[in-house]
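Sequence positions, counted from 1, serve as the residue numbers for this chain.
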Amino acid sequence: MTIKASIPKIRILYVDDDLENLNSFKALFRRMYQVYLADSVQNALEILKENDIHVLITDQRMPGMTGTDLLEMAADQYPDMLRYMLTGFSDFDPLVDAINKGRLQGYFSKPIDHEFIMSRIEDGLKRHYLELENKSLLEEIQKNEIFLNAIFENIPDMIFVKDAKDLSFVRLNRAGEALLGYATEEMIGKTDYDFFPVEEADFFTRNDREVLESGTLVDIPEEAIQTRCLGKRWLHTKKIPIRDSNGNPWYLLGVSRDITEYRNLQEKEKILESRLRQAQKMEAIGSLAGGIAHDFNNILTSVLGYTELAMEFVEKGSTVDRYIHEIHIAGNRAKELVRQILTVARQSKTERVPVQVSLIAKEAIKLIRSSIPTTLEIQTVWKSDAIILGDPSHIHQIFMNLCTNAAHAMEGGSGLLTVCLSDVKGDQNIPGKPDGLPPGDYIRITVSDTGKGIPKAHLDLIFEPYFTTKDVGSGTGLGLSIVHGIVKSYGGEITVQSEVDCGTTFTIDLPAVKSRIRHESESREVLPVGNERILLVDDEPEIARMCEEILIHLGYRVTIRSQSIEALELFKCHPNDFDLVITDMGMPNMAGDRLAIELMTIRPDIPIILYTGYSKNLSETHAAKIGIRSLLMKPLTKSDLANTVRKVLDGGEKQNSEVRI
């Protein structure tokens with residue numbers, strides 16, 4: 001293959017001050033090359049400036065400037081041009097100097113040898129263009145390497161390369177450095193065991209070996225990694241082998257995406273979904289509570305009402321009086337529990353009254369004692385009779401929740417449950433006293449167990465709604481959250497101390513008041529009486545008879561109707577025969593509030609009392625808006641009924657007639 005087969009016609013400049021040599025050179029080479037001639041260095045420089053010369057051949061001896069001078073200038077200005085010297089023996093020293101300084105690629109001896117010069121030129125051009133091609137390829141390789149490096153370093157995911165033989169790190173991009181907290185220089189030549197815990201390094205190595213042995217991509221959706229600065233992170237990693245020309249594993253390439261935040265969001269989403277399901281469950285329970293409350297309160301109304309009537313006809317202090325008194329206490333407790341359920345269903349506020357905590361605590365412990373295994377011992381320490389302003393059902397709930405949790409913590413074995421009440425001063429430096437407790441008098445409730453304890457990781461979560469470590473179906477996760485909410489709403493503080501396998505202690509401080517509770521045993525309430533005519537409407541015969549008994553005992557004249565329509569027809573015929581109407585809300589055909597409107601249409605001044613077991617659509621505001629004088633909630637007590645009837649009949653004025661019960 002000759003040079004002219006692969007490149008355009010070569011342009012040669014021959015420089016010689018001998019005209020005969022110039023003409024002879026052109027005659028010899030004009031068919032093969034495009035020949036340019038110059039008889040001086042100045043003329044040669046002009047030709048070089050105006051033409052793209054591939055080969056320069058110059059004689060050494062010329063007037064004014066030597067061939068060596070020309071070659072030196074050409075080497076500076078046209079480095080890619082082939083440069084040769086035509087010389088005789090006497091020019092040997094300048095020739096050696098030119099070769100050593102890189103001014104020329106070769107030389108020709110005089111006289112001119114046509115074949116030799118052509119072969120040297122072709123060899124030189126081939127070598128020259130091969131160098132140019134190699135240079136171009138090298139530049140392209142360098143350009144591609146820069147391009148690939150830019151991609152490698154700027155991809156936001158961690159990219160790492162390991163040697164297939166020993167799994168040592170070969171390369172790591174900037175994202176990997178930022179994630180792991182190690183510079184590339186620190187990791188090169190080292191393995192996972194030099195940076196990560198043994199368990200993690202074992203996991204990474206097993207996956208690496210699997211990739212290299214299978215020769216396929218391995219996708220690891222989730223793996224944990226301990227970083228230097230960011231702590232534990234979660235990665236989604238893909239690994240694939242890089243093979244040599246023989247198909248053998250050469251390197252291992254890995255790409256890891258940090259999914260920690262995404263994973264945290266997923267965990268939060270699961271928690272929120274769980275809380276939503278629990279909230280829906282609680283909503284269903286609330287609806288169920290509202291549905292059964294009316295019937296249950298009717299039962300309680302009969303129990304409490306007839307119990308209060310029976311208490312009037314038994315000998316005070318007798319065994320029967322004591323039994324009836326216990327029934328009355330139990331009925332009131334059931335009343336409070338129903339009211340608490342309805343409070344959850346209606347999300348309404350409760351009234352706070354003076355409460356002696358020790359009395360409720362003792363009652364709660366009795367219930368707890370009967371519901372926990374006999375292997376568990378209960379120890380009580382009562383050092384306080386302090387009184388707080390609160391809802392008795394709330395205080396009862398605090399003891400029931402804390403003691404039940406303590407019993408669960410000791411489930412399956414023996415243990416000791418300790419409940420203690422003591423007085424605390426908010427300005428005293430007492431061990432365990434919360435820092436944020438304002439000065440004042442407090443009652444401290446302490447509930448301790450010797451159970452399995454609470455892990456430190458859970459201590460900050462136990463008061464969150466729906467957090468529970470119990471099995472599905474064993475708890476709602478609301479107990480401690482409710483206790484925490486009650487304590488905070490009372491201006492108190494709750495703290496917990498726990499150690500795994502050593503037990504748990506809950507400490508509650510509630511603000512105490514100096515008011516003294518007047519117990520029922522100390523005095524009987526004085527109830528107002530009267531002789532007015534009352535129309536009583538209720539579709540429950542037991543409730544109607546009980547209310548009639550109480551009202552008659554208070555001196556009133558009572559007419560009973562069990563149907564709204566029947567009562568309305570009676571009132572239409574005798575609107576002035578009644579001083580007051582008392583009606584139940586939930587009745588067939590016509591509800592109590594609708595009956596009240598119809599009655600007031602007939603006689604606008606008729607006072608009406610409406611009572612109900614539960615109605616989510618009925619409130620005091622709604623009742624007052626339609627003209628109802630008073631709204632009572634079941635279960636009705638003798639005191640509630642007597643005071644409300646007298647207040648409505650007197651228009652709010654204080655009555656003079658009284659009866660002691």
Side-chain angles (χ1 to χ4, degrees), residues 286-287 289-298 301 338-339 342-343 345-351 528 530 532-540 543-544 546-548 550-551 556-637 639-653 655:
S287 299
I292 67 173
H294 183 272
D295 292 337
F296 196 60
N297 273 329
N298 282 340
T301 297
V338 173
R339 185 165 65 90
L342 291 179
T343 298
R346 295 193 308 265
Q347 295 295 308
S348 61
K349 295 182 179 179
T350 57
E351 182 182 359
E532 285 86 353
R533 298 162 298 174
I534 298 175
L535 174 59
L536 178 65
V537 188
D538 198 312
D539 62 328
E540 294 285 343
I543 305 299
M546 186 273 296
C547 290
E548 180 185 28
I550 292 176
L551 292 172
Y556 299 104
R557 292 168 286 169
V558 183
T559 301
I560 297 178
R561 288 293 181 269
S562 60
Q563 298 293 329
S564 302
I565 302 299
E566 183 182 350
L568 179 60
E569 292 300 324
L570 174 63
F571 194 81
K572 284 181 180 178
C573 297
H574 307 282
N576 296 314
D577 286 357
F578 303 101
D579 302 301
L580 173 69
V581 176
I582 303 175
T583 177
D584 186 24
M585 174 64 182
M587 292 186 295
N589 300 320
M590 183 182 292
D593 57 345
R594 185 63 195 172
L595 172 62
I597 293 173
E598 295 293 334
L599 295 177
M600 287 184 287
T601 301
I602 298 170
R603 181 181 155 191
D605 66 330
I606 184 69
I608 298 175
I609 297 174
L610 182 65
Y611 61 80
T612 179
Y614 172 71
S615 177
K616 63 181 180 180
N617 296 321
L618 183 62
S619 64
E620 292 182 0
T621 302
H622 173 69
K625 186 175 181 180
I626 62 177
I628 292 171
R629 302 290 178 89
S630 184
L631 176 65
L632 289 176
M633 294 299 297
K634 293 180 182 178
L636 299 176
T637 64
S639 174
D640 293 337
L641 197 57
N643 287 315
T644 303
V645 167
R646 191 69 260 160
K647 181 179 179 181
V648 169
L649 285 171
D650 294 341
E653 295 179 2
Q655 62 280 1

Taking [X] for its side chain and [Y] for its backbone only, find out whether a donor-acceptor pair lies under 3.5 Å.
| X | Y | answer |
| --- | --- | --- |
| S630 | I609 | no |
| D640 | L636 | no |
| R603 | P575 | yes |

Please find the pair of heavy atoms, one from [X] and one from [Y], that lie closest to each other, and give the distance.
| X | Y | answer |
| --- | --- | --- |
| L595 | M590 | CA-SD, 3.6 Å |
| P588 | D539 | CD-OD2, 3.4 Å |
| A623 | L631 | CB-CB, 4.4 Å |
| D584 | T612 | OD1-CA, 4.1 Å |
| D538 | M587 | CA-SD, 4.0 Å |

Measure the spacing between [atom1] of [X] and [atom2] of [Y] and express it to the nearest 0.5 Å.
| X | Y | atom1 | atom2 | value |
| --- | --- | --- | --- | --- |
| E598 | S564 | CD | OG | 10.5 Å |
| D593 | M585 | CG | CE | 3.5 Å |
| L610 | I628 | CG | CD1 | 4.5 Å |
| I582 | L632 | CD1 | CG | 8.0 Å |
| T601 | K572 | OG1 | NZ | 10.0 Å |

Checklist line | With R533 via salt bridge (charged side-chain N to carboxylate O under 4.0 Å, His left out) - residues at least two apart | finding: D579
Notebook entry, point to check: Quick one: salt bridge (charged side-chain N to carboxylate O under 4.0 Å, His left out) partners of R629, sequence neighbours excluded?
Noted result: none
Margin query: Let's go through L649 and Y556 carefully: what are the C-alpha distance in whole Å and the side-chain angles of both, what is the deciding distance for side chain to side chain contact (heavy atoms under 4.5 Å, CB included) to 0.1 Å, and is it a yes or a no?
Written below: CA-CA 12 Å; L649 285 171; Y556 299 104; 3.8 Å; yes
Checklist line | With F571, the side chain to side chain contact (heavy atoms under 4.5 Å, CB included) member among N576, D577, V537, L599 | finding: L599
Notebook entry, point to check: Quick one: salt bridge (charged side-chain N to carboxylate O under 4.0 Å, His left out) pairs with a partner in residues 559-568, sequence neighbours left out?
Noted result: R561-E566
Next item on the list: Go through the steps to decide whether Y611 and L641 satisfy the test side chain to side chain contact (heavy atoms under 4.5 Å, CB included), and finish with yes or no.
Entry: CA-CA 10 Å; Y611 61 80; L641 197 57; 5.8 Å; no
